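Take a look at the structure set out below.
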There are 2 protein chains.
Amino acid sequence: MSLELAQRLKASGIQPSAQRLAVAEYVLTTEDHPSADQVLAQVQARLPMVSRATVYNTLHTFVASGLLRQLVLAEGRVVFDPKLEPHHHFVDDETGEIEDVPWSAVQVGDVSRLKAYDVREYMVVMRGTRRGPRKAKKSAPETKPSPKPGKT
Amino acid sequence: MSLELAQRLKASGIQPSAQRLAVAEYVLTTEDHPSADQVLAQVQARLPMVSRATVYNTLHTFVASGLLRQLVLAEGRVVFDPKLEPHHHFVDDETGEIEDVPWSAVQVGDVSRLKAYDVREYMVVMRGTRRGPRKAKKSAPETKPSPKPGKT
DNA sequence: TCAACTTCTAGATTATGTCTAAAGCCGTCA
DNA sequence: TGACGGCTTTAGACATAATCTAGAAGTTGA
């Protein structure tokens, strides 16, 4: 996994380093939408000497080179999303958790007919409560419940 | 105007006070999407002794009783929107300004077919750049329809 | 007037993010 | 080898937004 990640970083013009790989290992493979603080905690669990500035720098580097998207959806939290394809988002009212919603699940009319704006990107943001049980989720990347082949 | 506002507050179960009316006067009538800090500044221009805590408390009270919506759209800013009808939002990449987009301007498919979620509200969030001149905007509710000077 | 209650205030505190200056690491070249 | 230069990392100071707290001030009704 780390080897492939190093390749990805290089391919994006980012010099891999131990710290950057540690950040990448978590943030580019998670299905969560972690905040910078969560990333810091996860990374420090492996490499305790990683400083806050490094994590912020690295996240910004990743965002700048397109490996990561930065989302502002929930109160007071900037979160990062490694899923690069367009998709919508659902925010759970109770837990604040953010979940991806496939692009095809919600049809949106043609936004380009809004003559006043040149729309670069758009998404539907839904808020409410989840029905039924929560998807199994790893809050710490120890166990791998499913190999998740759906990554295209 | 203030009288009507006092009625609205009472109708929402909020005891009107000088401070609360001052906040309401600005935030419930503006067409901007002000941040808490902007509200504080505007209110203090009229009632200089209003403390920050009061503004925050009042804004939260308004949100809790549904007079105001709280939006998290742009980085590091929680903004308030007195427009209660459903509508979409456009965020200007360059200026960070938020603009309302009429509900009818963008068609969205039926979100209730998402069985996994009980969607309370949703909106389309668009990002990009504005075409053409900015709409005239009053930043203070006095009778002064002068356009905003070109400041960020 | 008094007591109970609500509201408001200043300032401390917390949370999040940025900046800075120094140190570390690593490949290169004499 | 060892000095050099460039990039990366670090700890901690700084900045800012938001919240909390404890007491003061105001309001209400008898």
Side-chain angles (χ1 to χ4, degrees), chain A residues 5-6 9-10 12-27 33-65 67-80 96 98, chain B residues 5-6 9-10 12-27 32-65 67-80 96 98 152:
Chain A
L5 282 173
L9 297 200
K10 275 190 212 159
S12 298
I14 299 169
Q15 179 78 348
S17 72
Q19 287 83 349
R20 288 173 177 175
L21 278 175
V23 173
E25 213 160 277
Y26 171 60
V27 84
H33 296 75
S35 66
D37 216 53
Q38 287 175 280
V39 175
L40 177 63
Q42 288 288 332
V43 170
Q44 284 191 333
R46 300 179 182 213
L47 275 184
M49 79 293 298
V50 171
S51 80
R52 180 209 308 259
T54 298
V55 168
Y56 276 92
N57 287 341
T58 304
L59 288 173
H60 290 164
T61 304
F62 287 0
V63 169
S65 60
L67 289 169
L68 214 50
R69 285 212 296 174
Q70 194 170 352
L71 299 177
V72 186
L73 292 176
E75 184 156 358
R77 292 202 317 161
V78 175
V79 303
F80 297 90
I98 297 165
Chain B
L5 281 174
L9 297 199
K10 274 190 210 156
S12 301
I14 298 170
Q15 177 79 349
S17 71
Q19 287 83 349
R20 286 173 178 173
L21 278 175
V23 173
E25 214 160 276
Y26 171 60
V27 83
D32 287 343
H33 295 75
S35 66
D37 216 52
Q38 286 175 279
V39 175
L40 176 62
Q42 288 289 332
V43 171
Q44 284 191 332
R46 299 175 183 221
L47 275 185
M49 78 294 297
V50 172
S51 80
R52 174 196 310 272
T54 298
V55 169
Y56 275 93
N57 287 340
T58 304
L59 288 173
H60 290 163
T61 303
F62 287 0
V63 169
S65 61
L67 289 169
L68 211 53
R69 285 211 298 173
Q70 193 170 355
L71 298 178
V72 187
L73 294 175
E75 184 157 355
R77 291 202 315 162
V78 175
V79 304
F80 296 90
I98 296 165
T152 307

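Below, chain A is the first sequence line, B the second, and so on; all start at residue 1. What you see is a predicted model; the values in this text were computed from it and never measured.
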- [ ] Please report, rounded to the nearest Å, how far the P atom of D:dT27 is from the NZ atom of B:Lys10.
- [x] 14 Å
- [ ] Using a 4.0 Å heavy-atom cut-off, write out nucleotides 8-15 of chain D from 5' to 3' as B (base contacted by protein), S (sugar-phosphate only) or - (no contact).
- [x] SSBB----
Open item on the list: I want to check one thing: is the phosphate of D:dT19, taken as OP1 and OP2, less than 4.0 Å away from some side-chain N or O of B:His60?
Closed with: yes
TODO: State whether A:Tyr56 places a side-chain N or O below 4.0 Å from either non-bridging phosphate oxygen (OP1 or OP2) of C:dT18.
DONE: no
Task: B:Leu47 CG - C:dT7 P separation (whole Å) - done: 17 Å
TODO: Determine the minimum heavy-atom distance between A:Leu47 and A:Ala18, stating which atoms define it.
DONE: CD1-O, 3.8 Å
TODO: Heavy atoms only: give me the nearest B:Val43-B:Val23 pair and the separation to one decimal.
DONE: CG2-CA, 3.7 Å
- [ ] Over all heavy atoms of both residues, which pair between A:Ser65 and A:Ser12 is shortest? Give the atoms and the distance, please.
- [x] CB-O, 3.9 Å
Open item on the list: Please check this pair: side chain of B:Arg52 against backbone of B:Leu40, looking for a donor-acceptor N/O pair closer than 3.5 Å.
Closed with: no
Task: Angle by which the axis turns from one end of the helix from C:dT1-D:dA30 to C:dA30-D:dT1 to the other, five pairs per end, to 10 degrees - done: 10°
TODO: Evaluate the side-chain proximity of A:Gln70 to A:Phe80: yes if any heavy-atom separation is below 4.5 Å, no if none is.
DONE: yes
- [ ] Rounded to the nearest angstrom, tell me the gap between atom CG in A:Asp37 and atom P in C:dT18.
- [x] 13 Å
Open item on the list: Please give me the minimum heavy-atom distance between B:Gln19 and B:Thr54, naming the atom from each residue.
Closed with: CB-CG2, 3.9 Å
Open item on the list: What I'd like to find out is whether the side chain of A:Ile14 reaches to under 4.5 Å of the side chain of A:Leu67, using heavy atoms alone.
Closed with: yes
Task: Nucleotide C:dA15, atom P - distance to CD of A:Gln38 in whole Å - done: 14 Å
Open item on the list: Given 3.5 Å as the limit, does a donor-acceptor pair link the side chain of A:Gln38 with the main chain of A:Ser35, or not?
Closed with: yes
